[in-house]
Trainee: 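Just passing along the structure, written as structure tokens.
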There are 2 protein chains.
Amino acid sequence: MQQTTGRGNQTYHHGDLRAALLDAAAQRIESEGVEALSLRKLADDVGVSRSALYHHFRDKNALLNAVAARGFEQWIAVSKARANSVDMTPADRLAQFVHGYIHWSASNPQLYDLMFGRPIWKTGQADEQLKEIAFPAFHFMLNKITQWQQEGILAQSMPALRQTQVIWATLHGLARLIIDGVYADSEHIDDMCNCAVAMLLKQN
Amino acid sequence: MQQTTGRGNQTYHHGDLRAALLDAAAQRIESEGVEALSLRKLADDVGVSRSALYHHFRDKNALLNAVAARGFEQWIAVSKARANSVDMTPADRLAQFVHGYIHWSASNPQLYDLMFGRPIWKTGQADEQLKEIAFPAFHFMLNKITQWQQEGILAQSMPALRQTQVIWATLHGLARLIIDGVYADSEHIDDMCNCAVAMLLKQN
DNA sequence: ATGTTAATCTTGACAGTGTCAAATTATAAG
DNA sequence: CTTATAATTTGACACTGTCAAGATTAACAT
């Protein structure tokens, strides 16, 4: 199930087709978008025939789920790394979190779209494995925001869960508007982030 | 181009196919979602053959643009009607605006998804006509928020444009999370709206 | 080493899809 | 009534995701 034979795959069955498909899919998605991903072209990229894929993924949606799952792993890693930069005031950490979130989404627009987009989450198309990987991402945000509440830089009058949902909605909405280009220019990313931070911070 | 002959169309060419297609498309979209819309099934619904559509819309995207345009007209009408309820404090009006926005999106999820979704706005697939109809919607929000700034219930330290973008991002993000069911339950809509309002309002 | 089992990959096929060109029909204009 | 113009249909093409059946190869037990 892992690497069956370590190296030297030439005219193999294929070696590790699953990983190759994931790589190629992620690459094609990031360059052309989710909606332009064709399983047949993907098979061509990898040099394998069209329905070979079905021995590693139940269907196209399962493949997308797997790519999204990898995206979440990457997202969490980046976010945690950012959160561990110590010598900062809480307010600066919040600001950095906001800017980091938006910049990551703007740098990986297609992947962000896949991870947080409708096709996967709507109609229960997210499989259990993806949910298990995605949940820590939300939990991470919930923790951060609870912490900022306790540190006194966010209002404390509301349940942390609700506040997390609203703050995340702000970030998510901002990311979507920028990515989709809906009356929000990507030149003003930092301006918008600063404005968002100012609005989130407890005013006193 | 309008109604060629007023009434009594039976075994006509079809009468007014364009309108019939729009109606059928809107209906099918709202019941099954944008991604499930098939031009051929749509033609069946209307009782016409597959490529009749192409004499009224350049392609599928043009049809979707037209449906979205109708959605914006409806959205603007509803929003303006809500905004004209007089006897209220400014803060209550803001609250009502937020609740109204979210409830409308939750009541017309598929249409909202089409209007503000990626497939139309990304990659410049929104045609000029749609942009002309959509722009007043954004202008309407910009006006409202500028007004609330002047009335002193929103912070005045930021440019109205930026603040509009961020507030709209909050609403848009909330709508998306609820519609797509991404870790936001639709049972708690009002709780989340109240939380959002509390965060937006200038705290003093 | 050999025969068996199980995994992997390919080929052929099917039902869909959006879209175009050419042919057909009905409406409007002269 | 004839002509011109718009609306609609039929046939076709290239493409999509997915499945069933057959072929190929790896892993395993003896």
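Protein chains get the first letters and strands the later ones, always in sequence-line order, with residue 1 at the start of each.
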Trainee: Could you state the atom-to-atom distance from CG of B:L42 to C1' of C:dT17 in whole Å?
Mentor: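 Result: 14 Å.
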Trainee: Does B:W75 form a side chain to side chain donor-acceptor pair (under 3.5 Å) with B:Y101? I'd like the steps, not just the answer.
Mentor: CA-CA 9 Å; B:W75 187 92; B:Y101 186 105; 5.4 Å; no
Trainee: Could you list the residues that satisfy side chain to side chain contact (heavy atoms under 4.5 Å, CB included) with B:P136, not counting sequence neighbours?
Mentor: B:I76
Trainee: Salt bridge check: are A:D23 and A:R70 linked by an N-O gap of less than 4.0 Å?
Mentor: yes
Trainee: When you measure from the side chain of B:N65 to the backbone of B:D127, do you find a donor-acceptor pair of N or O atoms at a distance under 3.5 Å?
Mentor: yes
Trainee: Distances for protein N/O vs nucleotides 17-21 of chain D N/O pairs under 3.5 angstrom?
Mentor:
from   : atom 1 : to    : atom 2 : distance (Å)
D:dG17 : OP1    : A:L37 : O      : 3.4
D:dG17 : OP1    : A:L39 : N      : 3.0
D:dG17 : OP1    : A:K60 : NZ     : 2.9
D:dG17 : OP2    : A:L39 : N      : 2.9
D:dG17 : N7     : A:R40 : NH1    : 2.4
D:dG17 : O6     : A:R40 : NH1    : 2.8
D:dT18 : OP2    : A:Y54 : OH     : 2.9
D:dT18 : OP2    : A:K60 : N      : 2.9
D:dT18 : O5'    : A:Y54 : OH     : 3.2

Trainee: Grab the CD-P distance between B:E35 and C:dT17 for me, whole Å please.
Mentor: 14 Å
Trainee: Calculate the interatomic distance between A:D44 atom CG and C:dT10 atom P; express it in whole Å.
Mentor: 11 Å
Trainee: Which residues pass the salt bridge (charged side-chain N to carboxylate O under 4.0 Å, His left out) test with B:E132, not counting sequence neighbours?
Mentor: none
Trainee: Output the single nucleotide from C:dC9, D:dT10, C:dT10 whose closest atom is nearest the side chain of A:H56.
Mentor: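 The closest nucleotide is C:dC9.
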Trainee: Could you tell me how the ring of B:F138 sits relative to the ring of B:F72: parallel (under 30°), tilted (30 to 60°) or perpendicular (over 60°)?
Mentor: tilted
